[in-house]
Amino acid sequence: MQLTLTSDQRLIRDSIRDFALKEILPHRMEWDESQHFPRDLFQRMGELGLMGMLVPEQYGGAGLGYYEYKMAIEELAKVCGSIGLSMAAHNSLCTGHILQFGSEEQKQRWLPKLASGQWIGAWGLTEANTGSDAMRMRCVAEKDGDEWVLNGTKNWITHGITGDVAVVLARTGELLDSRGITAFVVERGTPGFSGGKKENKLGMRSSETAEMIFDQCRIPAANVLGEVGEGFIQAMKILDGGRISIASLALGMAKGALETATQYAKEREQFGQPIARFQAIAFKLADMATSIEAADLLTLQA
Ligand SMILES: Cc1cc2nc3c(=O)[nH]c(=O)nc-3n(C[C@H](O)[C@H](O)[C@H](O)COP(=O)(O)OP(=O)(O)OC[C@H]3O[C@@H](n4cnc5c(N)ncnc54)[C@H](O)[C@@H]3O)c2cc1C
C-alpha cells in the first residue's frame, strides 16, 4: 500500500488544492445558500483533468488511478463537500459505468464529452421506494422493435436536472430477478426524458439532487450498456468504486473540518491564551486526527 506521494502526485495535489482555494473557496457559501450548481466550474475542472480522472487518455481522460482520484476528491471536499460530491458522482457513476461496460463505439461517443467537462453525467438507480433494495425498482423498459420504451421515475439523482447524459437502470425482466435489469444511456433532449423536483437539502446544497422522469421515453437499442439483463450486476460493480469515492469525500470533509478547527483553536484566546493550549481542546483535536488517519488508511486499503 502506497503511503507517500511521488513528486508527480504532489504536483497534482498542489494544483488541485490551489484550484480549490482560488476557484471554490471564495464562492462556496453563496453557492450553498442559493443552491446554485456552478456548471461553469465543472468545465474548468474538465480542463484540469478532474472530470475523467480514471478515463484513459485515448478517450480524452487524465488516465490516472484510484490513488490520485482519492486525493483529488479529498482536496475538493476539504474546501466544499458539494463540489467533491458532484465530481465524484460524475466520475464514478455515469462516466465510470460507460467506461467499464460500454462498447468501443459507446466509449468513443460519450467519454470525451464527459471527461472534458463539456457534458455532466447523471446515474439513475434509486427510486422513491427502492434505495438499498434496488432490485425492487419499478422503472421499466419494454422492447419495441429496435427501441426500448422507458417509463418511471428515479429519485435523489445527482445532476438529475442539469446532467447532459444519464446512465439509467430499468427493469427489463421479472421483479427480484438479478438478471432482470438493464443499463441504458439516455441523452438530455430525448423526448419523454425530463428533470423533476429538485431536493431542498440540509447540506451539500450546491450539488444538485433531483428527480429524473421517463414518460414513454424511446431509447435506441444501441444505447444499451453491455448485455440486456446485466444492469443490476453492473450497478453493484460500479457502486464498489463509488464507495471509495464517497469515503474519500467524507475523508476530505473531515480533514477540512480538522484544519479549520485547529486553526481556530490556535487563534481563539480565552483566559489569556489560545484555547488550543487547554488540554481538553487538544485531546479533541488529537482524537479527530486519529480517527481521520484510521479512515484514510482504510480507504487506501479499499
Ligand atoms: C446527496 C445524495 C445524492 C445521491 N445521488 C444519487 C445518484 O446520483 N444516483 C442514485 O441512483 N442514487 C443517488 N442517491 C440515493 C442513494 O444512493 C440512496 O440514498 C441509497 O441507495 C440509500 O437508499 P435510501 O436513502 O432509500 O435508504 P434506505 O435503503 O431506505 O435505508 C435506510 C436505512 O436503513 C439501512 N438499511 C437498509 N437495508 C438494510 C439491511 N438489509 N440491513 C441493515 N440496514 C439496512 C440503511 O443502511 C439506512 O441506514 C443519492 C442520495 C443522496 C442523499
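Whatever order the structure lists them in is the order used to number ligands and atoms, beginning at 1. Just the heavy atoms: all of them, side chains too, but no hydrogens, waters or symmetry mates, feed the values below.
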Protein heavy atoms: any of them under 4.0 Å from [atom]?
{"atom": "atom 16 (C) of ligand 1", "result": "yes"}
{"atom": "atom 44 (N) of ligand 1", "result": "no"}
{"atom": "atom 33 (C) of ligand 1", "result": "no"}
{"atom": "atom 39 (C) of ligand 1", "result": "no"}
{"atom": "atom 19 (O) of ligand 1", "result": "no"}
{"atom": "atom 48 (C) of ligand 1", "result": "no"}
{"atom": "atom 26 (O) of ligand 1", "result": "yes"}
{"atom": "atom 7 (C) of ligand 1", "result": "yes"}

Go through the steps for Trp119 and Glu187 under the test side chain to side chain donor-acceptor pair (under 3.5 Å), then give the verdict.
CA-CA 10 Å; Trp119 278 18; Glu187 291 189 11; over 6 Å; no
Protein contact of [atom] - nearest heavy atom, named by residue and atom, plus distance:
{"atom": "atom 13 (C) of ligand 1", "answer": "Trp156 O, 2.9 Å"}
{"atom": "atom 2 (C) of ligand 1", "answer": "Thr209 CG2, 4.2 Å"}
{"atom": "atom 24 (P) of ligand 1", "answer": "Gly131 CA, 3.9 Å"}

For Gln58, I'd like to know if atom CD has over 12 heavy atoms of other residues, nucleotides or ligands within 6.0 Å.
yes
Is it the case that over 12 heavy atoms from other parts of the model lie below 6.0 angstrom from the CD atom of Glu104?
yes
So, is [X] polar-close to ligand 1, with some N/O to N/O distance under 3.5 Å?
{"X": "Thr126", "value": "yes"}
{"X": "Asp133", "value": "no"}
{"X": "Ser132", "value": "yes"}
{"X": "Trp123", "value": "yes"}
{"X": "Thr158", "value": "yes"}
{"X": "Leu125", "value": "yes"}

Parallel, tilted or perpendicular, as decided by the 30° and 60° cut-offs, for the rings of His36 and Trp31:
tilted
Parallel, tilted or perpendicular: which fits the ring planes of Phe37 and Phe42, with parallel below 30° and perpendicular above 60°?
parallel
Going by distance alone, is a donor N or O of one side chain under 3.5 Å from an acceptor N or O of the other, for Glu47 and Gln43?
no
Between Ala170 and Val140 the two heavy atoms that sit nearest each other are CB-C, 4.1 Å
Within 45° cone of Phe19 ring axis and under 6.0 Å: Arg44 NZ or CZ:
no
Those atoms of ligand 1 less than 4.0 Å from some heavy atom in Ile157
7 (C), 8 (O), 9 (N), 10 (C), 11 (O)
Expected output: side-chain [X] to main-chain [Y] donor-acceptor under 3.5 Å:
{"X": "Glu147", "Y": "Asp144", "value": "no"}
{"X": "Gln106", "Y": "Val185", "value": "no"}
{"X": "Asn151", "Y": "Gln216", "value": "yes"}

